[in-house]
Number of protein chains: 2
Amino acid sequence: MNLKQLSQHLNLSQTTVSRALNGFPEVSEKTRERVLQAAKKLNYSPNARAKGLATGRAQAIGHVLPISDQHEMVNPIFGDFIAGAGQTYAKEGYEVVISLVRDTEQEQAYRSIRSRGSVDGIIVHGPRMADSRIPLLSELGMPFVVHGRASDVTLPYSWLDTNNSRAFRRATEFLLDLGHRRIALINGLEFMDFAFRRREAYVSALTDRGIAADPALMRSDEMTEVFGYRCARDMLRDPAPPTAFLVSSMITAIGVRRAIHEAGLQMGRDVSVITHDDDLGYLKNGHDVPIFTATRSSVRSAGARAAEMLLHLIRTPGAPPQTQLMEAELIIGSSTGPAIQR
Amino acid sequence: MNLKQLSQHLNLSQTTVSRALNGFPEVSEKTRERVLQAAKKLNYSPNARAKGLATGRAQAIGHVLPISDQHEMVNPIFGDFIAGAGQTYAKEGYEVVISLVRDTEQEQAYRSIRSRGSVDGIIVHGPRMADSRIPLLSELGMPFVVHGRASDVTLPYSWLDTNNSRAFRRATEFLLDLGHRRIALINGLEFMDFAFRRREAYVSALTDRGIAADPALMRSDEMTEVFGYRCARDMLRDPAPPTAFLVSSMITAIGVRRAIHEAGLQMGRDVSVITHDDDLGYLKNGHDVPIFTATRSSVRSAGARAAEMLLHLIRTPGAPPQTQLMEAELIIGSSTGPAIQR
DNA sequence: ATGGATATTCAAAGCGCTTTGGGTGTCAGC
DNA sequence: GCTGACACCCAAAGCGCTTTGAATATCCAT
C-alpha cells in the first residue's frame, strides 16, 4: 500500500492525503479524519526511503561502535546506552542504525556514512584523547554528540560525560581516609579518554597526600573479567601487595574479587575494592546492600540524555554545542574497610 | 556530491556513470577507470535512500530487540551477537537497523517496519515458545531468521539455535554421575523458548535416573547477577540444600558463586556449579583453566552464521527455510566435583 | 561501398514521497 | 452583482538514483 493507492482509494490527491497525514492545517477536519481512518485500516505507513529522499531527512541516528581488534567485542555498556537512547528515539520517530567499525577504517566509515546520507546525526562512542573523529565530523557538518570527551581536542563540540575525575578522586580519597596507602588502579585502556582522566585523578589524589603513585600498582587494558582477575592475582602475590583496588568496571571488579577469594582473603576485610559501576540492567551492584563500594553513574540515562541532545542539535541547525557533565554517586558497599597491616 | 554532478564533471551521462560504478559490462574499461578515479577523488558515494528507492532494496537488516519491561534492559548477549553478524553485513555492504520494541507493541512494530521498507530482512531475537512474530513475518513475506526456535510454531521458518536440550541434558547427567541428587536449576524466563527447552532436558535427565524434579529447586527469571545470588542464597539456607546448581548464564552463575562464598562454602568442593556460557568477549570463562564447568556455545559465531543465512534468503527469493543447530561443548572447569554429604 | 553485428553511450521514465504554485468554491462586504 | 478573503484541494516538479529503450559509433564481412 502506497500513497498513490491510498489517495485513489479515497478519491483524493496525493497532496491532500500527504498533508492530512502530516498534520498540515489546510485540510478540513472531516477529510483528515477520513484519511487517518483509511490509513489505519489499510495499514498504510509511508515508505521511509521515499520520505527521506523527499525531505532530505533520514529519521535515523547512527551509532558507530569501534570494534576491538583483540577481542572482537562490543563494549558491554553499549546495550544499556542504546536502551536509554532508544526510548528517546522511539518517542520522536527515529530509527537507530549501527555500524561496527575497526580503528583502521574509522575515517573512511564516517565519510561514507555522511555521503550515503542514511542518518541525520551520529553518537560517537568510546572517544580517544585526541580523537580524529571529532574534527572530521565537524568538518563534514554532521550533527553529533560524543559519549565521553576528548581531552586533546580543542575545538568546541557537543558531549555528555561522567565526571570521571571527580569520581575517581573521591574514590581514591575514600580509600586513603580508610588508611590505605598501597592502592592499585585497574584501569581501562589509557588511550581512551575516560581511562586517562581516571588515572590522572587517582595519581593526583595520591600525590596530594604525599604518596607517589607506584607503577607496579597500575594496570590498564580492556576491561574484561579475566583482566581484573590476573591483575589482582599477580599483585596479591607480590611481597608488598596492595591493600585496596580501584577498578574501572564492575566486570573487571568481579575478576578482582575472584582473585581475592582465591588468595584466601576476604573482600572488605582483608582487601578493599572500589569500582566504577555503570548501573547495567543485568549487573546491578547488589540490591539493598551494595556488593561493591562504587562510583555509580547510569549509562542508560546517559544514553537517554545524549539522544535528547542530538535530536536538539538536529532540529536546531546552527545551535551551539551542548555539553553535560554527569556526576557519579559514591555508593558505600561492603567491599571496603579500614586498611589492615599484613 | 551526487551522481548528476559527478557525471557533469566527467562529461558523461548519469546512466554511464552509474553503470561504470556498479560494474556493468557495457561500459568500456577506459571510461570505467576514469569514473572510478573521479569518484574516489571527489569522495562520491551514492545516496543510500535514493538508491534504495530506485532498486527496492534497502541494503539494511533489522534487528528487533524485545525490551524487558521490568529491567528496561537489552539482553547482554546482543552485543556479541551483533559483533558477529556485523562482520558478515559489512562484507556484503549491509547496514544494521535496530529497533527496541516492548512486548505490547511487537505486532505493530513489525508491520510498520515492513511497510516503511527500511530493511530487507529481519533477525528475530528472543523467541517465545509460541511466538506470534513468526507467523506474522511469514504472512508479511519478509525474509527473517530466528535466533533460537519457537517450539509451538509449526509452520516452517528459518532458525539458528544452540542445542539447548542436549547441552542441559549432558550437564545434568554430568552432575548425576558425580553423585549429585539435589540439583538446582536457575533458569531464564520460561516462556522463552531456550529456557523451556533447558528445563525439559533437565527434568527428563533427572527422571530418567529415577529422580523426581523438585519444584523447590527450580527458579526462573531474568538472568541477572542478583537473581542468581538470591536463588542460591535462599536455597543454601534450606534444610535440604542443593549440592549442585545448573545455571543458565555466566552472569547469573557469578551471582550463584557469590552466594556460595558468602555461605562460607567453596565452589567445586562443597557445591558444584555448571553454567551455560555464551562465550562473551568481556566475560570469558577463565583463560587456561575454566572457572566454571560450562556448556559453551559462542553467540558471536551464531550471529555471523545467522547473518549469512539471512543474506542468503534475501538474495535467493523463494529459497526454502534454512535451519541450523549448533552443538554446545561441555567444558570441564573447577566448579564441579563429587557430591558431598553434608 | 554496404549491411549487420557489436560496443558504447545517452535521454527519459520511474521508485514513493513532499512541496510549490496554482485552482475552485463559498461567503461576507460593498 | 462584484470583489477579495478564506478554506480547501490538486497537478506537477523534484529528491538522487536505476533501468529501459534507443541512438550513435565502430568494425568486419560481403
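The figures here come from the full heavy-atom set of this structure, side chains too, leaving out hydrogens, waters and symmetry mates. Lettering follows sequence order; numbering is per chain, from 1. A quick note: this is a predicted structure, and the numbers were derived from the prediction, not measured.
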Toward the 5' end of DNA chain C, by each residue's nearest nucleotide, B:N11 or A:Y44 |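 Final value for this comparison: B:N11.
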Between A:S28 and A:T55, the residue closer to the 5' end of DNA chain D by nearest nucleotide is A:S28
Nearest whole angstrom, please: distance from the [atom2] of [N] to the [atom1] of [X].
X: B:E26; N: D:dA23; atom1: CD; atom2: P; answer: 17 Å
X: B:E33; N: C:dT8; atom1: CD; atom2: C1'; answer: 17 Å
X: B:F24; N: C:dT9; atom1: CZ; atom2: C1'; answer: 14 Å
X: A:L12; N: C:dC17; atom1: CG; atom2: P; answer: 15 Å
X: A:E29; N: D:dC8; atom1: CD; atom2: P; answer: 9 Å
X: A:K4; N: C:dT18; atom1: NZ; atom2: P; answer: 15 Å
X: A:R32; N: D:dA7; atom1: CZ; atom2: P; answer: 14 Å
X: B:N47; N: D:dC15; atom1: CG; atom2: P; answer: 12 Å

Hey, does the side chain of A:S13 come within less than 4.0 Å of D:dC10's phosphate (OP1/OP2), counting only N and O?
->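 For D:dC10, OP1/OP2 do have a side-chain N/O of A:S13 under 4.0 Å.
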Electrostatic pair A:E33:A:K30 at N-O distance under 4.0 angstrom | no
Atom of B:G121, atom of B:L310 and distance for their closest heavy-atom approach =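 Looks like C-CD2, 4.0 Å.
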From the options [options], select the nucleotide whose nearest atom is closest to the side chain of [X].
X: B:L53; options: D:dT19, D:dG16, C:dT8; value: D:dG16
X: B:Q14; options: D:dT18, D:dC8, C:dC17; value: D:dT18
X: B:N22; options: D:dT18, C:dT20, C:dC17; value: D:dT18
X: B:S18; options: C:dT8, D:dC17, D:dT18; value: D:dT18
X: A:R19; options: C:dT18, D:dG16, D:dC9; value: D:dC9

Pick out which of B:D193, B:D131, B:D161 makes a salt bridge (charged side-chain N to carboxylate O under 4.0 Å, His left out) with B:R149.
->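 Looking at B:D193, B:D131, B:D161, the match for B:R149 under the salt bridge (charged side-chain N to carboxylate O under 4.0 Å, His left out) is B:D161.
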Is a side-chain donor-acceptor pair under 3.5 Å present for A:S118 with B:E95?
-> yes
Answer with yes or no whether the side chains of A:S45 and B:S115 bring together a donor and an acceptor at under 3.5 Å.
->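 There is such a pair between these side chains.
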Polar side-chain contact A:T15-C:dT19 base: donor and acceptor under 3.5 Å =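 Answer is yes: a donor-acceptor pair is held.
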